[in-house]
Structures are given as structure tokens and as C-alpha cells.
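Per chain, numbering begins at 1; letters A, B, ... match sequence-line order. The analysis underlying the following values was restricted to heavy atoms, covering all of them including side chains, and did not include hydrogens, waters or symmetry mates.
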There are 2 protein chains.
Amino acid sequence: MAKIHEVAQAAGVSISTVSYALSGKRPVSAATRARIEAAAQALDYAPNAGARMLAGRRTHILALTEPLRPDTHAPTHMAFVLASSIAARRNDYDVLLLTDEQASAGMRRVATSGLADGIIVLDVAPDDERVELARRIDLPTAFVGVPDDSEGLMCVDLDFERAAGDAVDKLVTAGHQVIGLVGHAPSAYQLSNFPPRVRDGYSAAAQAAGVRAEFRMLEGEGDVQTLARRAAGELLDAGATGILLHCHDTAHAAVLSEVHDRGLEVPQDVSIISVGSTFDTGAFATPLSAYPLVPKLSCDLAVELLVQSLSGEPPEPGVRLIAPTYLDNGSVATPRAAR
Amino acid sequence: MAKIHEVAQAAGVSISTVSYALSGKRPVSAATRARIEAAAQALDYAPNAGARMLAGRRTHILALTEPLRPDTHAPTHMAFVLASSIAARRNDYDVLLLTDEQASAGMRRVATSGLADGIIVLDVAPDDERVELARRIDLPTAFVGVPDDSEGLMCVDLDFERAAGDAVDKLVTAGHQVIGLVGHAPSAYQLSNFPPRVRDGYSAAAQAAGVRAEFRMLEGEGDVQTLARRAAGELLDAGATGILLHCHDTAHAAVLSEVHDRGLEVPQDVSIISVGSTFDTGAFATPLSAYPLVPKLSCDLAVELLVQSLSGEPPEPGVRLIAPTYLDNGSVATPRAAR
DNA sequence: TTGAAAGCGGTACCAG
DNA sequence: CTGGTACCGCTTTCAA
């Protein structure tokens with residue numbers, strides 16, 4: 001816990017020179033800079049966080065709000081938290097975690113006490129209460145996810161509609177005439193913002209392509225495995241030869257089991273594409289091609305937007321959709337019927 | 001972002017009186033206190049975080065270090081993060097997340113810059129690099145988990161040995177003569193601190209009770225389900241009538257499937273107890289009795305220790321083991337053989 | 001019970 | 001290229 005004053009003394013310069021040398025905000029001769037850096041090193045000096053906040057009017061902290069609901073999918077969530085944290089650190093920001101409590105209370109507190117320079121909003125709900133709050137406070141705020149009403153907000157997300165649409169096109173191009181989508185549990189379509197977007201992108205693309213498109217959510221009694229197998233079974237029974245998966249990894253595995261148990265081969269008998277998954281779709285017994293959801297891309301951009309907001313030339317508000325990319329693991333082929 | 005000065009003006013008092021009235025560190029007449037609180041309310045005042053840190057020599061922030069490794073079990077981890085966060089907030093502390101980077105770098109940074117008042121260490125490895133660092137820095141640090149060398153550290157954890165031992169006794173008392181333990185993957189016995197403790201408590205108690213005790217890790221090729229089924233199968237083949245489970249929920253479910261597929265009933269044919277699980281063991285098709293691991297208990301205590309360290313009378317260093325409690329879901333009974 | 005004022009440890013402006 | 005110094009907003013001692 002050395003102080004700037006001690007560093008200055010050790011280096012034989014004034015404290016302002018130390019400050020400038022270390023921040024680089026003013027040119028300092030190479031020689032003195034070297035002495036200062038050596039002294040700082042030797043004393044294990046780091047500017048006091050509180051003093052820096054107060055004098056510099058900058059906390060070097062980003063707040064991360066994530067209302068950990070009982071139903072949040074932990075692995076996905078963790079991936080986003082980690083990606084945000086890494087992006088923040090890369091820009092020399094620390095991350096303050098806002099979890100419990102009525103989501104907005106934390107945001108408000110951080111804003112009024114000046115504890116953070118900006119806010120990253122994770123796990124965005126369609127009608128998120130943090131939307132209105134973000135408009136009211138004057139802290140730059142970036143949403144990772146797109147709420148229903150995104151007017152005036154900075155939002156970043158995968159272009160789920162297009163990911164689903166591209167996936168449909170991929171199947172159609174391969175010759176599939178009947179396709180299916182295995183989705184999340186019905187509740188996810190209320191609580192999260194992206195499952196509906198996948199569904200809609202899927203339907204629109206299918207309609208545009210003139211193919212028959214079935215859709216099943218993980219609905220009813222039983223565990224995820226059972227529901228996923230049933231959903232997949234129904235799609236296959238309906239004649240689907242191409243299937244899109246927008247669900248958790250457990251459900252993916254269950255669908256593959258169902259397909260396998262029916263004596264069907266991927267991709268010879270049925271083609272499968274995973275859409276918007278954060279896990280490794282190449283790790284299943286049958287590797288799956290995918291239009292993955294990459295947390296790093298979203299979080300990097302979110303942090304970048306915040307940093308830029310703090311730099312003087314704030315970026316335009318608006319929704320930034322990240323173009324989906326195809327990850328080919330060989331699970332798509334022309335169906336037998338079309339050969 | 002109102003300042004104390006404005007509140008003072010609005011209430012017609014000096015800023016020091018405002019400070020005291022709001023912090024309660026000095027008696028203030030009821031009348032003036034009321035005026036001050038009203039003014040603060042009206043202005044939406046909150047003390048500036050930086051100024052408060054600087055002047056008060058207290059950040060009101062606790063750092064949380066959690067080296068999110070690729071193999072960390074997200075749901076369990078999230079439960080601990082959430083519990084820590086809630087405990088911290090209850091004590092009026094915010095939480096700073098230290099994830100990426102060489103775990104210790106974050107701790108060191110926080111310590112030298114005075115960004116936090118204390119540190120909570122999660123996901124403790126047997127030979128954790130943060131142990132040595134914790135001894136060197138002068139920030140109060142609480143470990144949730146027990147490293148191999150805990151000399152001079154404050155550690156909090158479930159008494160896993162005793163949980164396993166109690167579970168063994170429970171089975172033995174019910175009349176089981178051959179018991180088994182399904183554990184984690186072998187790697188977990190290197191990377192985490194508690195699987196070995198469960199294993200050891202299990203062996204010791206079994207030996208003391210004079211019963212035959214088998215042990216299987218989730219070892220070999222294949223997915224968790226397969227490995228868990230095989231492990232359970234081997235235990236049953238070995239004649240085990242009572243089984244302890246110390247593994248993830250997926251493995252639990254797989255063991256139950258294996259038992260069921262063999263036409264065995266719980267608890268009539270085989271008794272099962274889950275040890276050290278953070279998920280709801282009552283939610284399986286066959287509800288399981290358990291000696292659960294309760295994040296809230298550990299994290300509450302960890303935060304309490306930190307708060308106390310900051311209060312003037314620092315608690316003794318040492319390992320605090322939380323006594324296990326039995327959660328009866330009816331999955332234990334006297335085996336047929338003993339009836 | 002209340003007020004005045006001296007810091008807390010930096011940042012950044014104003015001079016030189 | 002380098003120094004001196006006026007704040008940043010709050011906590012807390014010293015006086016009244």
C-alpha cells in the first residue's frame with residue numbers, strides 16, 4: 001500500500017510527474033520515466049482506488065447485472081459472465097457483480113453512489129425492468145440481449161433470427177422438404193428474449209422457402225430427456241428429415257439418442273443443426289454442425305461500447321446484431337428422399 | 001448524484017451533521033435527523049463511493065476470487081457465487097468479481113490498490129496458489145473450502161468427512177453389510193479439495209463399523225451417464241445394498257436408472273444417500289435422502305468472518321467445519337438380507 | 001447536540 | 001519536460 005508520495009520521493013521527482021509518467025497522459029523523459037517505474041515497482045505501488053475515483057472521476061469499474069433466477073441455465077450464464085469479465089479486464093476495468101435483490105435496486109445504487117463507470121446487462125427479459133431504469137440513470141449501459149422495447153438503448157446480440165433462417169436455408173438447399181425445430185420449455189419463451197426470435201426466424205425462413213416446418217417445445221410432464229426425445233420423435237413421425245435444435249445440451253443428447261434408437265443415421269437419414277448454443281456441439285457422440293452463440297463476441301462488443309461511451313464520443317444507441325457464422329461438423333446432408 | 005453539501009444546505013445543517021446523521025456514528029437529535037433524512041431522500045442522495053473509500057478507509061466491497069476453470073461445475077459454482085453475493089449485500093458490502101487471469105493477480109491488484117476490504121476465495125484447490133498469497137497480503141481473506149495446507153488461514157466448509165461418515169453409519173445402522181460409494185471423475189480428486197475428504201470419511205467410517213466398502217469413480221471412456229451406470233452396476237454386482245453418491249446430478253439420475261433397470265426398488269432393495277450435493281435431491285423420480293452441501297451456510301459464515309475481521313476484534317484463524325445435517329427423503333431402509 | 005476544518009491519496013490545471 | 005497546488009466529496013477530530 002505504498003503511496004504516490006513515496007514513489008515521488010524515491011524517484012526524486014514531484015508527485016505530479018509520477019502521476020503523469022504512470023498514466024502516460026503527459027510526455028515524460030525516458031530517463032525519469034524509467035526511474036519512476038523502477039521506484040513504483042520496488043515499492044509495489046498501485047494508485048489507491050478510492051483516491052483515483054474521487055480525483056479522476058472515473059472508477060475503472062463496470063457493473064454487471066444478472067438477476068440469477070432459479071431457472072437460469074448456469075453453464076450458459078457463466079460463459080457470459082466470464083466473457084464479460086475478460087473483456088472488462090482487457091480494457092483495464094474491474095467487474096462489480098449485481099445479482100440478488102430486485103435487479104434494478106443494484107443498478108440504481110451503483111448509479112447514485114458513482115461506484116461504476118458503466119453497466120452491462122445480462123440475461124435480458126423481453127419486458128425487462130432494467131430497460132426503463134437504464135434510460136433514467138446517466139450511466140452508460142449496454143444490454144447483452146434485446147428486450148421488446150429497445151428504444152434508445154445500446155443492445156448487442158447474436159442475430160438469432162438470421163441464425164435460424166440461415167439454418168433453415170442450409171437444410172432447404174440440401175434438399176429437405178419437411179423440417180422441424182426442437183425448442184426450449186414454454187416458459188423460456190416468456191422469460192428470455194431470444195427463444196422467440198429463433199422461432200420466428202425459423203418460421204419466416206421456412207415459409208419463404210415453401211417447406212413444411214414443424215415446431216415442438218419441451219412441453220409436458222417428465223424430465224428434459226424424456227421431453228426432448230418425445231419432441232424429436234414427433235418431428236420424425238411428421239416426416240421431418242432436417243431438424244434444428246435450439247435447446248440445452250442435455251436435450252441435444254436426448255434428441256441424438258432418439259434418432260439413434262430409431263436406427264437413423266446422421267446425416268444420411270436425418271440432418272441436424274444446432275442454433276444458438278454456447279456449448280461445444282462437436283463434442284457429442286455425433287458431432288453437430290451449428291450456428292453457435294459466442295459469448296465472447298457479444299461481451300467484447302458490449303464492453304467496447306461502454307468504453308467508447310466513456311471516451312467522449314459516445315456511440316449511437318441502437319441494436320447491434322452479430323452475424324451468425326456456420327460451424328460445419330458434418331451433420332447436414334441431402335436426405336434419401338431427394339437423392 | 002447529489003452531494004452531501006447539498007443535503008446539508010437543504011436541511012439547514014452542517015455537512016458533518018449530515019454525515020453523522022446518516023451513518024449513525026454520533027447521536028443526532030430526532031428533529032434534525034428527520035430533516036436530514038427527508039432532504040437526502042428528496043435529493044436521492046448517496047455518498048460518493050470514491051470519497052467514502054478515501055476518507056473512510058473502507059471500501060464496502062468484498063472481492064470474490066473464482067478461477068473459472070473449464071471443468072468447473074457451473075450450477076454448483078453459481079450457487080456459491082449467489083450465496084456469497086447475498087451474504088455480502090446483507091452486510092452492506094458489494095462484490096467485486098475476480099475471475100480470469102492468473103487467479104492471484106487479481107487478488108494482488110485488489111490488495112495493493114485498496115479496492116476491497118476483504119476477499120472470499122471460492123473453488124479452493126488442494127494446493128491452491130492463493131493460499132500463499134493470502135498469507136502475504138494484509139487483507140482479511142476467507143476460504144470457502146479447505147486447502148491441504150490451511151495453516152494460519154480462515155477456512156469454512158461443510159464437514160465432508162463427517163457427512164460421509166454419518167451417511168455410512170446411517171446405512172450400517174439400517175443393517176447394511178456391504179456398501180458402495182459412487183464418486184466423481186478421477187481428476188476431481190486432484191483439482192478440488194472435497195472429493196478426497198468424502199472418500200476418506202467414507203473409508204474410515206466403514207472400517208470403523210467393520211463393513212465392506214467399495215468405491216468407484218467415474219472412470220474410463222464414455223459420457224457421465226454411462227460411467228455412472230457402470231459404477232453403480234459394479235457396486236451392485238459386488239453385493240452392495242447401500243450406496244452413497246458423491247457426484248453431479250446427472251450421475252445421480254444415471255445411477256437411479258441403472259437401479260431401476262435392474263428391477264430394484266429404493267429403498268426396499270437398495271438404499272441410497274447423496275452426500276455433499278447442492279442440488280435438490282428430493283426432485284428425482286426417486287427422491288433421495290442426503291447430507292447436502294448448503295452454500296448459504298458456508299458463505300454466510302465466510303462473510304461474517306470477514307466482517308468481524310474488519311470490526312476490530314479479528315476472529316482466530318483456523319478451519320471452521322459445518323456440521324452436516326440429514327435430509328430424510330425416505331431412500332434408506334433395512335435391506336432384505338437383514339430382515 | 002452541532003459546526004469548522006484537517007486530511008484521505010490522487011488528478012490535472014497553471015506556471016515555469 | 002517538470003513542479004506546485006487546488007480541488008474531488010466525505011469522514012472524523014477538535015472545539016464550542
Side-chain angles (χ1 to χ4, degrees), chain A residues 1-37 39-40 43-61 92 109-117 310 312, chain B residues 1-37 39-40 43-61 92 109-117 310 312:
Chain A
M1 293 278 248
K3 337 198 161 187
I4 197 174
H5 161 253
E6 310 177 40
V7 177
Q9 204 152 31
V13 295
S14 72
I15 60 170
S16 57
T17 300
V18 172
S19 178
Y20 285 121
L22 263 26
S23 73
K25 293 190 179 175
R26 191 168 85 172
V28 170
S29 79
T32 49
R33 146 168 298 116
R35 289 213 317 285
I36 291 172
E37 277 168 356
L43 293 166
D44 192 27
Y45 169 79
N48 175 279
R52 197 157 71 135
M53 288 187 200
L54 185 55
R57 286 121 182 302
R58 199 119 285 179
T59 65
H60 296 269
I61 290 177
D92 208 40
R109 190 161 42 79
V110 157
T112 60
S113 68
L115 225 188
D117 293 333
L310 296 167
Chain B
M1 294 277 247
K3 338 197 161 188
I4 198 173
H5 162 252
E6 309 177 39
V7 176
Q9 204 154 30
V13 295
S14 71
I15 62 170
S16 58
T17 301
V18 172
S19 178
Y20 284 123
L22 263 27
S23 71
K25 293 190 180 176
R26 190 168 87 170
V28 170
S29 78
T32 49
R33 146 167 297 117
R35 289 211 317 284
I36 290 173
E37 278 169 354
L43 293 167
D44 192 27
Y45 169 79
N48 175 278
R52 196 158 69 136
M53 287 186 200
L54 186 55
R57 286 122 182 302
R58 197 120 287 179
T59 66
H60 296 269
I61 290 177
D92 208 41
R109 189 161 42 77
V110 156
T112 59
S113 68
L115 225 188
D117 293 333
L310 296 166

(request) Check whether any side-chain N or O of A/Asp117 sits under 3.5 Å from a backbone N or O of A/Arg58 as a donor-acceptor pair, and report yes or no. (result) no
(request) Taking the side chain as every heavy atom from C-beta outward, state whether B/Thr59 and B/Leu115 have any atom pair closer than 4.5 Å. (result) no
(request) Under 4.0 Å from any atom of DNA chain C, heavy atoms only: list the residues of residues 29-37 of chain B that qualify, in numerical order. (result) B/Ser29, B/Thr32
(request) Do nucleotides 9-16 of chain C as a string where each nucleotide becomes B, S or -: B if the base has a protein heavy atom under 4.0 Å, S if just the sugar-phosphate does, - if no protein is that close. (result) BBSBBB--
(request) Quick one: closest heavy-atom pair of A/Ala40 and A/Val7, and the distance? (result) N-CG1, 4.0 Å
(request) Under the side-chain contact (heavy atoms from CB on, under 4.5 Å) rule, collect the residues that match up with A/Leu54, sequence neighbours excluded. (result) B/Asn48, B/Ala51, B/Leu54
(message) Once rounded to the nearest 0.5 Å, what's the spacing between atom OG1 of B/Thr17 and atom CD1 of B/Ile4?
(response) 9.5 Å
(message) As an exercise, state the distance from CG of B/Leu310 to CZ of B/Arg57, rounded to the nearest 0.5 Å.
(response) 14.0 Å
(message) Give me each pair satisfying side-chain hydrogen bond (donor to acceptor under 3.5 Å, both in side chains) with a member in residues 19-30 of chain B, each pair once, sequence neighbours excluded.
(response) B/Ser29-B/Thr32
(message) Below 4.0 Å from chain B heavy atoms, what is the first contacting nucleotide of DNA chain D and what is the last?
(response) D/dG9 to D/dC14
(request) With sequence neighbours left out, write down each residue that passes side-chain contact (heavy atoms from CB on, under 4.5 Å) with B/Ala111, or none if nothing qualifies. (result) B/Ile137, B/Leu139
(request) Grab the two heavy atoms, one from A/Ala49 and one from B/Gly114, that are nearest each other, plus how far apart they are. (result) CB-O, 4.2 Å
(request) Mind checking side-chain contact (heavy atoms from CB on, under 4.5 Å) for B/Glu6 and listing every partner two or more places apart, or none if nothing turns up? (result) B/Ala2, B/Lys3, B/Leu43
(request) Could you list the residues that satisfy side chain to side chain donor-acceptor pair (under 3.5 Å) with A/Ser16, not counting sequence neighbours? (result) A/Ser14
(request) Enter the inter-axis angle for the ends of the helix from C/dT1-D/dA16 to C/dG16-D/dC1 (five pairs per end, rounded to 10°). (result) 30°
(request) List for me each residue that meets salt bridge (Lys or Arg N to Asp or Glu O under 4.0 Å) alongside B/Arg35, sequence neighbours excluded, and say none if there are none. (result) none
